[in-house]
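Remember, it's a predicted structure, so these values are computed and weren't measured experimentally. Just so it is clear: chains get the letters A, B, ... in the order the sequence lines come, proteins before strands, and each one is counted from 1.
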There are 4 protein chains.
Amino acid sequence: MAKLARKEREYRTRRAEIITAAERVFSAKGFDKTTMEEIAREAEFAEGTLYNFFKGKIDLYLSLIEEKSEELLGYLHKQVSKAVGAGEKIRCLIKAQMGFFDKNRNFFKIFVRERNSFEWMAQKDRTKRLSKVYQTYIDFVARTIKDDLKRGEFRNLNPRETAYALAGLLNSFVCRWPKSSKKERLFDQAPFLTEIFLKGVQKSR
Amino acid sequence: MAKLARKEREYRTRRAEIITAAERVFSAKGFDKTTMEEIAREAEFAEGTLYNFFKGKIDLYLSLIEEKSEELLGYLHKQVSKAVGAGEKIRCLIKAQMGFFDKNRNFFKIFVRERNSFEWMAQKDRTKRLSKVYQTYIDFVARTIKDDLKRGEFRNLNPRETAYALAGLLNSFVCRWPKSSKKERLFDQAPFLTEIFLKGVQKSR
Amino acid sequence: MAKLARKEREYRTRRAEIITAAERVFSAKGFDKTTMEEIAREAEFAEGTLYNFFKGKIDLYLSLIEEKSEELLGYLHKQVSKAVGAGEKIRCLIKAQMGFFDKNRNFFKIFVRERNSFEWMAQKDRTKRLSKVYQTYIDFVARTIKDDLKRGEFRNLNPRETAYALAGLLNSFVCRWPKSSKKERLFDQAPFLTEIFLKGVQKSR
Amino acid sequence: MAKLARKEREYRTRRAEIITAAERVFSAKGFDKTTMEEIAREAEFAEGTLYNFFKGKIDLYLSLIEEKSEELLGYLHKQVSKAVGAGEKIRCLIKAQMGFFDKNRNFFKIFVRERNSFEWMAQKDRTKRLSKVYQTYIDFVARTIKDDLKRGEFRNLNPRETAYALAGLLNSFVCRWPKSSKKERLFDQAPFLTEIFLKGVQKSR
DNA sequence: AATGAATGAGATTTCATTCAT
DNA sequence: AATGAATGAAATCTCATTCAT
C-alpha cells in the first residue's frame, strides 16, 4: 500500500515536471512552434516518455490549461469568498487575478492567447475541452459580479455580458505587459482597472 | 496606356481576391494551421500563383493585416472626425469600430487574435511589421481619448493606458460573438460598452 | 527576298543575344541554379520569347556549348594549320586555346565544368549532344598531336591518350584562374604548360 | 559502458551506410539532380532519418567529400612517405592516387567534378568547406613535388603551379574512364602519366 | 517505465513551360 | 512574334508519434 502510494507520488511529481516544462515552452513559442523534442529536453525526459503521461501534444497542452485554470479558479474562489461589502468582491477578484498572473506569467500568456483564439479552432476535441475551461471562468466572474451588483448601487446589467467586459478589461494589459520591465507587476494595475470598471457599472446619479 | 491601366486593374483585382480568400482561411484556422494549398484552392488559383503576388506565406498574412488595418483606421478616422461634444468622439469610435467589424468578421478574428499574441512571436520580421500596425491603432485610440478627455468632465487619466483598457473592452466580445447567431451584430453592443467606458472614466462626484 | 533576308538577319541577331546572355548566367551559376527568368531578364526578352528560339532550357544550354565549341574549333584549326616544324603545331594549339579562353572567360567556365561532368549525366539526350562536342574536340587535339609526333623526335605514344593528357594539363588551370586577378591572362601560362608537355612526350636520350 | 560503445558503433555504421548510398547517387547524377528521397531509398532508410545524421543535403554532400578526402590524403601520405630516391615520391603519389580511385570510383567522380566547379559556386558555405579540402590536397601534392624536385635533376619550377599541372594530368582521365570497360584500371595508366610528367619537369640536357 | 532512433506525412517554395492576349 | 501570368510537379526539410530495446 505504502509502496503504491509512493509510486503514485512519484508519478505525480514527474507529471507536474512535464507540465511545468511545457508551460515554459508553450508560453514562449505558442502551440504550433513548440516541439515535443523541446519540451522533453526542458523536462529532462526522453521524448517517448511524454507519451506515458499524456496522449499526445494536444492532450498535454489541454491538460496544462485545464489544471492551471483549476488552480486559478480555486485561488480566485478562496480570495473572493472572504470579501464583503458593495463592490468588494469585484475589487478582490481583480486583485486576486492580477496577483495570480504575476506569479504565473508563463501560464498567463497561454491563458490569454488561447482565450482569444480557441473558438474558431478546427480541432473539435481541442475546442470542447477549452470551451469548458473558459465557460467555467466566465461563469465564476459572472456570478461574482451578480452577487456584487445586486447588493450595491449598481445598474441592472446582464451579469454575463458584464463579465465579458471585465475579462476584456483585464486581458487588455497583456499587450503592454511583456514589453514593460520584468519588475513591473500586474498587481499594481489593479486599482486603475478596478476604478474604471466599478465606476462604469455604478448607477447614474 | 489604356492597356496598361487595365492590366494594373486586373492585377489589383486578383490580388484582392487572394487576400479575401486568405482572410477566410486564416480566420478559420489561424496562421499555422492554414496551408497555402488551401488558400490557393479558396482563391481558385494554383499554388504557385500566390507567389507572384506575395513573397511567401508570412508576407501574405502580414499584407492582409496591414491593408485591412489601414482600411479600418481610415474609416475610424473619417467617422470620428465628424464628432463634436464631450465624449462624442469616443462614442463615435466605438460605434464605428463595431460597425466595421460587423462587415469584416473574418478580419476581426485575425486582428484580435494577432493583437493578443504577436508580442512574444519568435519571428522578428513578423513582429516588426505587426508592431507598427498595432502601435498605429493604439496611438489613434489614445489620441481620440485624449481629445475627448480634456474637453469633458473626465478624470485625468493616462491616455495610452486608457486606450489599452478601451481596446480590451472592445475585444472582449470576440469570445462570445462567434458563437452567437450570425444575425446578431456587434454594433448593437456599442451602447452597452460605451456606457461602461464613459462612466468608468468620468470625474467622480 | 531581301525582306526575308532581313528577317533572317534579325532572327539571328536576337538568337545570338540570347546565347550571350545565357552564357553570362550559366557561367556564373551553373546549369541548375540558372533560371530561365534570369536569362530572359539578362537578354531583355520575355521568358516566353526564349521558347521561340530554343526548345527549352536544356536545348538552349546545349546549343550554346555546341556553337561556341564550333567557334573554338574553327579558331584552333585556323591557327594550327599555319604552324610548321616539330612541336610547332602543339605549341600553337596551346597558345591558341589559351588565347581563345582569355577572350571567352564565361564560355571557358562552362566548357571545362561540363567536360568533367557530362559523361555520367542522367539525361541521355544531353549526354549525346555533349559527347559529340567533346569527341570532336579531343579528336582534333589527337590529330594535331599525331601530326606533330610523327615528324619530331617524340616517343611513340597513343595519340588519343596523349590528347587526354594534354587536355587535362590545360584544364588544370581552371581552378586557380578564377581566383587570380582579372588582369592575369591564361595566355601567359602557355609557355609553362607547353614546355612540360613537349618535354614530357619527347624521346628519351 | 559496453552498451554505450555499441550504440556508438551502430551510429557510425548507419552513418557510413548513408554516406556510401549518397556517394553512389551523387556520383551518378550530380549534386542538383540528386534527391534526398533517392539517397534514402538507396540507403534503405526513411527520408527523415537522413536528417538525424546530417543537417541537410549540402551538409551530407560536404561531409561525404571531406571524409573521403581525408581518407585519400591519409592513404597518399602513408604511401608516399615510404618512397626514396629522385622522382620516387612523385611516382609513388601517382600510383597511390590511381589505386585509391580504382577502389573508389564513385568518389572519384565527385571529387574531380567538384574540383572543377566549386570555385564559382553561389553558396558561400559550400565554397568555404570545399575550398579547404582542395587546398589541403593541392598543398600535399605541391609539398611532394617540392621534396622530389630539389633532390633530383629537375628544373626549378614553382611547386604550386606544377602541382596544378600534375593534378590536371591525373584528372584528365576522368572523361575517358567511365566509358571504358569496367575492368580497366586507372592504376594501369600510372606509368604513362608518370613518364610524361617526370620527363616534363626534368632538367634539359 | 524510460528511451530515442526511425518514420513518413505534410508544408513551403521554386521554376520550366504553356498559352491567351 | 512577343509577352508574362498562371500553372503544378517536384524538392527540401520538420516533427508528432511509434516501438524495439
Test side-chain contact (heavy atoms from CB on, under 4.5 Å) on A:Tyr134 and A:Ile65 and set out the steps. CA-CA 10 Å; A:Tyr134 291 109; A:Ile65 293 182; 4.3 Å; yes

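- To the nearest angstrom, P of F:dA11 lies 13 Å from CZ of D:Phe31.
- As a whole-Å value, the separation of D:Tyr61 OH from F:dT12 P is 14 Å.
- By the 4.5 Å heavy-atom criterion applied to side chains, C:Arg15 and C:Phe54 are counted as neighbours.
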Let's go through D:Lys33 and C:Phe31 carefully: what are the C-alpha distance in whole Å and the side-chain angles of both, what is the deciding distance for side-chain contact (heavy atoms from CB on, under 4.5 Å) to 0.1 Å, and is it a yes or a no? CA-CA 11 Å; D:Lys33 291 274 185 295; C:Phe31 181 80; 4.2 Å; yes

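- With a 4.5 Å cut-off on side-chain heavy atoms, D:Phe53 and D:Tyr11 count as touching.
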Determine all donor-acceptor pairs shorter than 3.5 Å in which one atom belongs to a side chain in residues 43-50 of chain B; sequence neighbours excluded.
from: B:Thr49; atom 1: OG1; to: B:Ala46; atom 2: O; distance (Å): 3.4

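- With pairs defined as Watson-Crick or G-U wobble and both atom distances under 3.5 Å, the stems of at least three pairs that touch DNA chain E come out as E:2-21 with F:2-21.
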Name the pairs: protein N/O against N/O of nucleotides 2-6 of chain E, kept only if under 3.5 Å.
from: E:dA2; atom 1: OP1; to: A:Arg14; atom 2: NE; distance (Å): 3.0
from: E:dT3; atom 1: OP2; to: A:Ala46; atom 2: N; distance (Å): 3.0
from: E:dT3; atom 1: OP2; to: A:Thr49; atom 2: OG1; distance (Å): 2.5
from: E:dG4; atom 1: N7; to: A:Gly48; atom 2: N; distance (Å): 3.1
from: E:dA6; atom 1: OP1; to: D:Arg14; atom 2: NE; distance (Å): 2.5

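- Counting all heavy atoms, side chain and backbone alike, C:Ile110 lies closest to C:Leu64 at CD1-CD2, 4.0 Å.
- Within the structure, the salt bridge (charged side-chain N to carboxylate O under 4.0 Å, His left out) test picks out the following pairs touching residues 55-65 of chain C (sequence neighbours left out): C:Asp59-C:Arg129.
- To the nearest angstrom, P of F:dT18 lies 18 Å from CD of A:Glu37.
- Residue B:Tyr51 contributes atom OH, which lies 12 Å from atom P of E:dA11 at whole-angstrom precision.
- Listed by chain and residue number, A:Phe111 satisfy the ring pair (Phe, Tyr, Trp, His ring centres under 6.0 Å) test with A:Phe107 (two or more places apart in sequence, or in another chain).
- Between D:Ile39 atom CD1 and F:dA10 atom P the separation is 18 Å, expressed in whole Å.
- Comparing C:Lys55 and B:Met36 by the nucleotide of DNA chain E that holds the closest heavy atom to each, the one mapping nearer the 5' end is B:Met36.
- Rounded to an integer number of Å, the gap from A:Asp32 CG to E:dG10 P is 16 Å.
- For C:Glu10, the side chain to side chain contact (heavy atoms under 4.5 Å, CB included) partners are C:Arg6, C:Arg14, not counting sequence neighbours.
- We find that CG of B:Leu60 is positioned 15 Å from C1' of E:dA11, with the value rounded to whole Å.
- In this structure, NZ of C:Lys29 is placed 13 Å from P of E:dT14, rounded to the nearest angstrom.
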